[in-house]
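So the structure is just underneath, and the comments pick up after that.
What you see below is based on every heavy atom in this structure, not just the backbone, and it leaves out hydrogens, waters and symmetry mates.
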Amino acid sequence: MNQKWALFSFKGRMRRRDYWLYSVPVLLVSLPVFIYSSPENVANNPILNLLSMLILGFVFWASLALNIKRLHDRNKSAWWVILTLLPVIGPIFVIVDLGILDGTKGPNQYGDDPKGRGEPPSSPDKRPEDESERKETMTIDM
């Protein structure tokens, strides 16, 4: 999976495993900002203020991208992301609907199933017509 697509694109679908693998580090990136950017620190240090705003901007954008791709996997419109911004309801919705419930099986309007379910099975390998192209196998009887 491409990290640029995962963190910055709003297109496609994302499975739960990948959602958690990207969401937890994004959350961990934001924690030091909340810890060290108290109003006293930010007011005295404009560089810290700018850095905090850049990091929080990245965290907000990446969270939106991850949540929208999970909504697409659940066959829901990106507009549902507004629900994630509501106090109390938002975190519950994120944990249950985006983090726990499985995505739509098979392709939906947002793309193919990231787990590969519902797709036609791959065709079996063609057997060589010429006997000389066959690989020899050795069996040992005991």
_Flag, side chain of Asn108 to backbone of His72, donor-acceptor distance under 3.5 Å_ = yes
_For Lys11, all residues meeting side-chain hydrogen bond (donor to acceptor under 3.5 Å, both in side chains), sequence neighbours excluded_ = none
*Applying side chain to side chain donor-acceptor pair (under 3.5 Å), which residue pairs with at least one partner in residues 83-99 are found, sequence neighbours left out?*
Arg74-Asp97, Lys76-Asp97
*Can you list the residues that meet the side chain to side chain contact (heavy atoms under 4.5 Å, CB included) rule with Ile95, with sequence neighbours excluded?*
Ile100
*For Asn67, check side-chain hydrogen bond (donor to acceptor under 3.5 Å, both in side chains) against everything at least two apart and list the hits.*
Tyr19
*Between Leu66 and Ser23, what is the shortest heavy-atom contact and its length?*
CD1-OG, 3.7 Å
*Just jot down the side chain to side chain contact (heavy atoms under 4.5 Å, CB included) partners of Phe34, sequence neighbours excluded, or say none.*
Ser30, Leu56
_Please confirm whether the ring centroid of Phe10 lies under 6.0 Å from the ring centroid of Trp5._
no
_From Arg17, Arg15, Lys115, residue fulfilling salt bridge (Lys or Arg N to Asp or Glu O under 4.0 Å) relative to Asp102_ = Lys115
*So which heavy atom on Ala65 is nearest to which on Ala6, and how close?*
CB-O, 4.0 Å
*Roughly how far, to the nearest 0.5 Å, is CD1 of Ile47 from OG of Ser52?*
11.5 Å
_By side chain to side chain contact (heavy atoms under 4.5 Å, CB included) - contacts of Ile55 (at least two apart)_ = Val29, Val33, Leu51, Val59
*If you group Ile, Leu, Val, Met, Phe, Trp and Tyr by side-chain heavy-atom gaps below 4.5 Å, do Val81 and Tyr22 land in one group?*
yes
*For the hydrophobic clusters of this structure (ILVMFWY residues joined by side-chain heavy atoms under 4.5 Å, transitively), does one cluster hold both Leu50 and Trp61?*
no
*asked:* Whether the side chain of Arg16 engages the backbone of Gly99 through a donor-acceptor N/O pair (distance < 3.5 Å, no angle test) should be reported.
replied: no
_salt bridge (Lys or Arg N to Asp or Glu O under 4.0 Å): pairs with one or both residues in residues 56-70, sequence neighbours excluded_ = Arg70-Asp73
*Trp20: what forms a side chain to side chain contact (heavy atoms under 4.5 Å, CB included) with it, not counting sequence neighbours?*
Val24
*asked:* If hydrophobic residues (ILVMFWY) are linked whenever their side-chain heavy atoms come closer than 4.5 Å, directly or via other members, who joins Trp79 in its cluster?
replied: Ile82
*In terms of hydrophobic clusters joined by side-chain contacts under 4.5 Å, are Val26 and Phe60 together?*
yes
*Is Arg13 reaching over with its side chain to a backbone N or O of Thr104, donor-acceptor style, under 3.5 angstrom?*
yes
*Interatomic distance, Tyr110 atom OH to Ser77 atom OG [nearest 0.5 angstrom]*: 4.5 Å
_Using 30° and 60° as the class boundaries, would you call the ring planes of Trp80 and Phe93 parallel, tilted or perpendicular?_
parallel
*Determine whether Leu98 and Leu86 fall in the same hydrophobic cluster, where Ile, Leu, Val, Met, Phe, Trp and Tyr are linked whenever their side-chain heavy atoms lie under 4.5 Å apart.*
yes
*What's in the same ILVMFWY side-chain cluster as Val88, cut-off under 4.5 Å, chained through other members?*
Ile92, Val96, Leu101
_Taking salt bridge (Lys or Arg N to Asp or Glu O under 4.0 Å) as the definition, give me every residue that meets it alongside Lys105, ordered by chain and number, with sequence neighbours left out._
none
_With clusters defined by side-chain heavy atoms of hydrophobic residues (ILVMFWY) lying less than 4.5 Å apart, directly or transitively, does Leu85 cluster with Leu27?_
no
